[in-house]
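Right, one structure below, let's go through it.
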Amino acid sequence: MSGELFTLTYGSLVAQLLKDYENVDDVNRQLERMGYNIGMRLIEDFLARANPGRCYDLRDTADKIQQAFKLYLGVSPSIGSWNPGGDEFSIVLETNPMAEFVELPDHCLGLRYSNILAGIIRGACEMVQMEVMVWFIADQLKGDNVTEIRIKFVKRLEDAIPAVAEEAEVQSAVKPPSSTRASPCWSGFRTEDRDSQRPHCSAHRVE
Amino acid sequence: MRTALRNFLSPTKLVLRCGGISLSRGKSEVSGTAFALLFAEMVQYSHNRVQSVADLHQKLSELGQHVGVRMVELLFVRERNYKRETKLLSILLFVKGTLWKSLFGKEADKLDRATDDERTYYLIEKEPLVNRFVSVPRDKSSINCAAFVAGIIEATLNSTGFPAKVTALWHMGTAFMIKFDDTVLVRDRQLEGR
Amino acid sequence: MTIYNLYIFDRDGQMLHYAEWVRKKQSGMSRSQVSPVDLREGYLTYCTNKYRLHLFETPSRIKFVLNTDAVATGIKELLHQIYTQVYVEYVVFNPMCPLSKPIESELFAARLDEVVRQSPAYASRPA
């Protein structure tokens, strides 16, 4: 599909938000929230389509995000600027398809035009059990050479142990295998990972 | 030297600066999925701010109009031909052909003139629009897509000097009813008279 | 080979959908031999002498539980197909479908039925 239609449609959304909200901070927030909603769904398509397998650490996650940019936006960002702890990195875009042909008027300099991307990344990661903070540290629309998005791992999201379905609701009683060497299939993470300090996605496995 | 198409976020006129260099440097392909999810979220956003279905379609049409105004500029620049269309039929063929191809990858199926009203034309697209904008057809989404596209068409016509109102209908697929202002017909008759 | 029923659970264990093709009275687990057979990439299956249970869990924690007779094969592929061609297409991409509420879309139910019935593992058995 044409990148232009996409870019113009996104531009139309931002323009509408600027009309609907009085201040630019509210627009930034709304863009992030919409991105979060999109990310929650986009991740399913990514998992279904790319079949990427589990992430074992943040570098895996970074690779997959890079893959997703290529798949969905047709661009190949670079990954870099890892901090010493290995829990923070940057995605660097030479071209930003969301903002092609766009120039920010003077009264909009506080606008994070592509903030929807931050929300998308955050929403997608949350669905695979990672809480991340995402923010822009450079923006070509503001005169920088590149557009740079920073991602910081915050924590693993623990799976809530689901309430067992009522017997009456369930036609055939389906119980997890009672073998002692297996934690219940849907508890969500490898037992040895619980104590690990290294940030990584949920690695679902029954040992 | 970069060609810059300046797209101000205010609704005022687009300023074009064209150095004769192709705009499509490294044209990237965005996935249909990305667009579908963005569009769906825009529909949700609009939906939360309106009271009625008619208002929703109006909002979507406005979003489409914002796209249409800029799409026209893009297309005219790419044609390397700033010659504006002056005849009604020419602009309709532009919508049916060039504009439709940029939106849907194909020309529109049919262009009909209303038998009872010379100001009204119908642009017909048999293939469900949803196939382009969303992955699979689902309840109501086809109507929303059509309202958005109607806005694109309307803005295309308005910004090229052919003021009109465009509404989406269900007839042989999706039909866009284009109703031109009287002034357009008057001018066209005068041009033909020459 | 027959497919009995399917459960879809969301990431919090809430049931999003239940569909059945054959109603079977299941014997209790305690009287059956249970053996976890395979778990790789989110897929687990075990077999009792009465039925086989297949679980497919996506990295986003959506769980598909399919019960079949003991000899059904190709279920891993079917579950993946249900995820990609039915759940993602008709739920994820439908903005009117909230992700953590029971699925109400009729289009979804119809497509699910279609995909299951087209599967080689599905065969309607005489009563």
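- Both cation-pi conditions hold for A/R59 and A/W82: the charged atom is under 6.0 angstrom from the six-membered ring centre and inside a 45 degree cone around its axis.
- When the candidates B/E62, B/K59, B/R49 are compared by the number of heavy-atom contacts under 4.5 Å with chain A, B/R49 comes out ahead.
- The salt bridge (Lys or Arg N to Asp or Glu O under 4.0 Å) contacts involving residues 87-99 of chain B comprise B/K96-B/E107, where partners must be two or more places apart or lie in separate chains.
- Heavy atoms of B/S46 lying under 4.5 Å from chain A are absent altogether.
- For A/I116, the part lying near chain B is the side chain, with the backbone staying farther off; criterion is any non-hydrogen pair under 4.5 Å.
- Both tests do not hold together for A/R41 against A/Y72: distance to the six-membered ring centre under 6.0 Å, angle to the ring axis within 45°.
- For the 3.5 Å distance criterion, the side chains of A/T147 and A/Q140 qualify, holding a donor opposite an acceptor.
- When the candidates A/T9, A/L13, A/L71 are compared by the number of heavy-atom contacts under 4.5 Å with chain B, A/T9 comes out ahead.
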